[in-house]
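Worksheet: the structure to be examined is printed underneath.
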Amino acid sequence: MVDTSVWSLALRRDEQPNSPELKILVKAIDSGEEIYSTGIILQELLQGFSGAKAAGAIIDRFSAIPMLIPDTADHIGAAEIRNKCRRKGVQIGTIDALIAQLSLRYKLSLLTADKHFKHMSKAVKLKLA
């Protein structure tokens with residue numbers, strides 16, 4: 001378990017029901033820990049599902065999670081993260097850089113099953129769950 005009760009959520013839509021990340025998430029929810037996400041994660045999840053019923057369920061569940069909204073400084077910081085990673089030989093995507101920036105700005109632990117963040121943490125001091 002991480003040393004903070006505040007989380008940034010970046011799970012993948014193809015996450016298995018018994019994954020360690022989902023177990024951590026359930027435990028955090030059950031214990032009342034603060035959990036945050038961002039609109040781009042919601043968008044990525046919705047793009048991976050088809051049908052109004054699945055989309056409605058995702059939107060309903062995410063409506064209970066406070067959303068972090070990036071500002072201009074976050075986009076600048078994300079570009080700096082991406083450049084820093086590239087200089088250290090770590091290739092990351094624009095969206096992952098923005099998620100990392102938000103986690104750093106708000107001093108959140110990042111709960112993710114995406115291996116890109118593990119590679120990114122070699123160049124940027126992310127707190128990964």
Side-chain angles (χ1 to χ4, degrees):
M1 199 71 159
V2 292
D3 60 358
T4 182
S5 63
V6 184
W7 302 81
S8 176
L9 181 62
L11 294 176
R12 298 176 59 88
R13 65 179 167 265
D14 58 353
E15 195 58 33
Q16 298 301 312
N18 60 351
S19 73
E21 294 82 12
L22 285 178
K23 289 177 184 177
I24 292 171
L25 177 59
V26 168
K27 186 175 180 181
I29 291 169
D30 288 346
S31 65
E33 295 182 33
E34 294 179 52
I35 299 170
Y36 298 88
S37 191
T38 188
I40 196 69
I41 293 169
L42 174 59
Q43 180 181 334
E44 284 190 320
L45 286 170
L46 290 170
Q47 290 171 176
F49 287 92
S50 61
K53 187 176 180 180
I58 293 168
I59 293 167
D60 183 56
R61 286 175 176 87
F62 266 74
S63 69
I65 301 172
M67 293 287 173
L68 302 175
I69 300 171
D71 62 17
T72 301
D74 291 314
H75 292 285
I76 293 167
E80 291 169 356
I81 288 171
R82 195 156 188 247
N83 291 338
K84 183 176 185 178
C85 286
R86 188 177 334 118
R87 283 191 301 274
K88 294 194 177 209
V90 178
Q91 295 298 316
I92 63 168
T94 300
I95 291 170
D96 289 348
L98 183 57
I99 293 168
Q101 168 59 29
L102 289 170
S103 292
L104 292 170
R105 173 182 173 190
Y106 291 100
K107 298 178 176 79
L108 302 173
S109 296
L110 181 60
L111 177 59
T112 181
D114 189 331
K115 304 298 185 235
H116 293 118
F117 290 99
K118 185 175 183 180
H119 298 297
M120 188 188 313
S121 69
K122 296 173 186 173
V124 179
K125 300 258 186 211
L126 290 176
K127 287 168 73 175
L128 298 177

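All of these numbers come straight from a predicted model, not from anything done at the bench. These values consider heavy atoms only, across backbone and side chains, with no hydrogens, waters or symmetry-generated copies.
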Do [X] and [Y] have side chains that get closer than 4.5 Å, going by heavy atoms?
{"X": "Ser37", "Y": "Leu42", "value": "no"}
{"X": "Leu45", "Y": "Phe62", "value": "yes"}
{"X": "Pro70", "Y": "His75", "value": "yes"}

Rounded to the nearest 0.5 Å, what separates atom [atom1] in [X] from atom [atom2] in [Y]?
{"X": "Leu98", "Y": "Thr38", "atom1": "CG", "atom2": "OG1", "answer": "6.5 Å"}
{"X": "Leu25", "Y": "Thr112", "atom1": "CG", "atom2": "OG1", "answer": "11.5 Å"}
{"X": "Ile58", "Y": "Ser63", "atom1": "CD1", "atom2": "OG", "answer": "12.5 Å"}
{"X": "Glu21", "Y": "Leu110", "atom1": "CD", "atom2": "CG", "answer": "10.5 Å"}
{"X": "Gln43", "Y": "Ile95", "atom1": "CD", "atom2": "CD1", "answer": "7.0 Å"}

Self-check item: salt bridge (Lys or Arg N to Asp or Glu O under 4.0 Å) contacts touching residues 87-100 (sequence neighbours left out)
Solution: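 Every pair satisfying salt bridge (Lys or Arg N to Asp or Glu O under 4.0 Å) with a residue in residues 87-100: there are none.
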Quiz item: Could you give all pairs that pass the salt bridge (Lys or Arg N to Asp or Glu O under 4.0 Å) test and reach residues 68-80, with sequence neighbours left out?
Solution: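 Passing the test, one end in residues 68-80: Asp71-Arg105, Asp74-Arg105.
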Could you list the residues that satisfy side-chain contact (heavy atoms from CB on, under 4.5 Å) with [X], not counting sequence neighbours?
{"X": "Ile59", "value": "Leu46"}
{"X": "Lys122", "value": "His119"}
{"X": "Thr94", "value": "Arg82"}
{"X": "Leu104", "value": "Ile81, Val124, Leu126"}

Quiz item: What residues form a side-chain hydrogen bond (donor to acceptor under 3.5 Å, both in side chains) with Arg86, not counting sequence neighbours?
Solution: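 Residues passing side-chain hydrogen bond (donor to acceptor under 3.5 Å, both in side chains) with Arg86: Asn83.
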Would you name the heavy atoms of [X] and [Y] that are closest together and state the gap between them?
{"X": "Cys85", "Y": "Met120", "result": "SG-CG, 3.6 Å"}
{"X": "Ala97", "Y": "Ala78", "result": "CB-O, 3.5 Å"}
{"X": "Arg61", "Y": "Ile65", "result": "O-CG1, 4.0 Å"}

Quiz prompt | Candidate pair Ile99 and Phe117, rule side-chain contact (heavy atoms from CB on, under 4.5 Å), full reasoning | solution = CA-CA 9 Å; Ile99 293 168; Phe117 290 99; 3.9 Å; yes
Quiz item: Does one hydrophobic cluster hold both Ile76 and Leu68, with members joined at side-chain heavy-atom distances below 4.5 Å?
Solution: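 Different clusters.
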Practice problem: With sequence neighbours excluded, tell me which residues meet salt bridge (charged side-chain N to carboxylate O under 4.0 Å, His left out) with Asp60. | Solution: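 Once residues adjacent in sequence are excluded, Asp60 has no partner under the salt bridge (charged side-chain N to carboxylate O under 4.0 Å, His left out) criterion.
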